[in-house]
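Here the structure is laid out as structure tokens; the discussion comes afterwards.
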Amino acid sequence: MSSPPYAAIRGWGMAVPRRVVTNAELARQIDTSDEWIRSRTGISQRHVAGPDEFTSVLATAAGREALERAGVAKTAVDTVIVATCTPDRPFPATASTVQHNLGLPNAGAFDLAAACSGFVYGLSVGTGLVKSGMSRTLLLIAADVFTHLIDWQDRNTCVLFGDGAGAVVLQATTQPQGVLASNIGSWGEGETMMAVDVGGTRQPATPALLEQRRQYVYMHGREIFKHAVRGMCESAERAVADAGLNLAAIKLVVPHQANLRIIEAVAKRLALPMERFFVNLDRYGNTSAASVPIALYEAAQQGHLVAGDLVLLTAFGGGLTWGSCVVRWGSALPQ
Ligand code: UT7
């Protein structure tokens, strides 16, 4: 049988931790204010994982909802990808834990690390697997407990992030649905613009390094901001052109939810009105890889997307990494 040319998005799910931390709560602990956080980022609150809400727990919940919504048999799922930079363990892959939790006996499973661009990377790779014929029903989950990497004494980073997971089911179809065009990019020279230096093979954790709090993330926010706007705009324009479209055809842009000012700058540079951009970072903060699928989930659940709509997903993150996908929304017809 020849491989089907498209991978439709058939189901979607999300999960966030129970605990909500407001800006006011942070302002009682560190030298910051609700006014600063809202005006510089657009964030009002974020969900923060408790000890029993590690990455595979959130990923499993989001994956389960996506599978139920898609209505696919568990035996049909042949691939599980978990996009994360905060795995349960350094080894083995969190995707294997999720495959076990969900009871998917016929699925291969692997993790994908592309920081905040993880979902867009995963959607590009997952679509490629389906289009090649290697996979027919694929579960893509993007999940991060980024607060695990946060130094709660560092006001430059701790106000920005939250935890969560989002998932989609991709299924082979001959209908022109799912990703129509995509690209992924990286600029490794920027690896230390945002990083966790200690805890890997390059600099294993030692008591002295832990004492210096080097196991936590640091970030050069202003530089990242500029690269984010340029990276997302250039990759978005390329994806739209590669799909044979122009930006006017895009019904909704679902961007990475890092900072409202970044999204506004992208809108301005692409000459698109802000009403065309879906924004929910006020309630979740930056949930790293999970931010795009959580936003896509809410856009779908709130009725912003109907079958046939063209959606542009664009993201940017540590690495540096970036990527964009043009998606035609709609369920695959049974084959
Ligand atoms: O997911 C992808 C990766 N990350 C990003 O996308 C982040 C991209 N960058 C950003 O979103 C912004 O650069 C930030 C929100 C991180 C910072 O906003 P900014 O407008 O670039 O502020 P800044 O870094 O230039 O800092 C301005 C001031 C500084 O004080 P001085 O040096 O001007 O006196 C900071 O110390 O704001 C201070 N500041 C804070 N003040 C109150 C930094 N963090 C805080 C805080 N509360 N939480």
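Each ligand, and each atom within it, is numbered from 1 in the order the structure gives. Nothing fancy with the numbering, it's 1 onward along the sequence.
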Taking a 3.5 Å cut-off between nitrogen or oxygen atoms, can you list every pair linking ligand 1 to the protein, with distances?
| unit_1 | atom_1 | unit_2 | atom_2 | d |
| --- | --- | --- | --- | --- |
| ligand 1 | 1 (O) | His256 | NE2 | 2.9 |
| ligand 1 | 1 (O) | Asn286 | ND2 | 2.7 |
| ligand 1 | 9 (N) | Gly221 | O | 3.0 |
| ligand 1 | 11 (O) | Asn259 | ND2 | 2.7 |
| ligand 1 | 13 (O) | Gly221 | O | 3.2 |
| ligand 1 | 20 (O) | Arg40 | NH1 | 2.8 |
| ligand 1 | 20 (O) | Arg261 | NH1 | 3.3 |
| ligand 1 | 20 (O) | Arg261 | NH2 | 3.2 |
| ligand 1 | 22 (O) | Arg40 | NH1 | 3.3 |
| ligand 1 | 25 (O) | Arg222 | NE | 2.5 |
| ligand 1 | 25 (O) | Arg222 | NH2 | 2.6 |
| ligand 1 | 36 (O) | Arg155 | NH2 | 3.1 |
| ligand 1 | 37 (O) | Trp36 | NE1 | 3.3 |
| ligand 1 | 41 (N) | Trp36 | NE1 | 3.3 |
| ligand 1 | 41 (N) | Arg155 | NH1 | 3.4 |
| ligand 1 | 47 (N) | Thr32 | OG1 | 2.6 |
| ligand 1 | 48 (N) | Thr32 | OG1 | 3.1 |
| ligand 1 | 48 (N) | Arg155 | O | 3.0 |

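- At a cut-off of 3.5 Å, with distance as the only test, a side-chain donor of Thr147 or Asp163 sits close to an acceptor on the other residue.
- Looking only at atom types and distance, the side chain of Thr97 has no donor-acceptor partner in the side chain of Asp88 under 3.5 Å away.
- Among residues two or more places apart in sequence or in another chain, the side-chain contact (heavy atoms from CB on, under 4.5 Å) test is passed with Ala27 by Thr32.
- Within the structure, the side chain to side chain donor-acceptor pair (under 3.5 Å) test picks out the following pairs touching residues 294-312 (sequence neighbours left out): Trp12-Gln301, Glu65-Tyr297, Lys251-Asp309, Asn280-Glu298, Arg283-Glu298, Tyr284-Glu298, Gln302-His304.
- The side-chain contact (heavy atoms from CB on, under 4.5 Å) test applied to Arg18 returns Asp52, Glu53, not counting sequence neighbours.
- The closest side-chain donor-acceptor pair between Asp144 and Thr86 falls under 3.5 angstrom.
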